[in-house]
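To start, the structure itself, in structure tokens.
Atoms within a ligand are numbered from 1 in the order they appear, just like the ligands themselves. Atom set for the values below is all heavy atoms of this structure, side chains included, hydrogens, waters and symmetry mates excluded.
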Amino acid sequence: MSFSVSHHLLLCATSCNGACCDPSIGLATWTRLKRILKDFDLENLERPGGVVLRSKVDCLRICSDGPILLIWPDGIWYGGVTPERVDVIVREHLIGRTPIEKWILRRTPQAQ
Ligand code: FES
């Protein structure tokens, strides 16, 4: 089956051992992210705007101010991503297409 992708979200939330964030916050954020993507039907492979992919990763090599959420293809890295913040990020960044400047730690645009 062929489908298009609008964004891929990478959240560090597995085994940071507290270096990046409290692991319980990372896991709670991951749980909330899965829920809100489903609530907005963003994982629907037939979605006209493309599906939103998500991956829970071990480490994104920042290791402070976590949990870290990296959003591709935008190259935007959010820090301190709690369950409450991930709700806002999905609504405003993914759906509203407006990144939340005050929570951005880093920008890494893709090379053209
Ligand atoms: S554990 Fe989060 S960036 Fe390294």
**Fill in**
For I62, the ligand 1 atoms with a heavy-atom partner under 4.0 Å come out as 3 (S)
**Fill in**
ligand 1 to R61, heavy atom cutoff 4.0 Å, flagged ligand atoms 3 (S), 4 (Fe)
**Asked** Does the pair E101/R107 count as a salt bridge with the N-to-O cut at 4.0 Å?
**Response** yes
**Message:** Check this for me, if you would: do E84 and R32 make a salt bridge, where the nitrogen-to-carboxylate-oxygen distance has to be below 4.0 angstrom?
**Reply:** no
**Prompt:** Where atom 4 (Fe) of ligand 1 is the centre, what is the SG-to-SG angle for C59 and C63, rounded to 10°?
**Reply:** 80°
**ligand 1 contact on C12 by region, counting heavy-atom pairs under 4.0 Å** = side chain
**Fill in**
Interatomic distance, CZ@R106 vs CD1@I68, rounded to 0.5 Å, equals 8.0 Å
**Fill in**
Interatomic distance, CD1@I71 vs CD1@I89, rounded to 0.5 Å, equals 6.0 Å
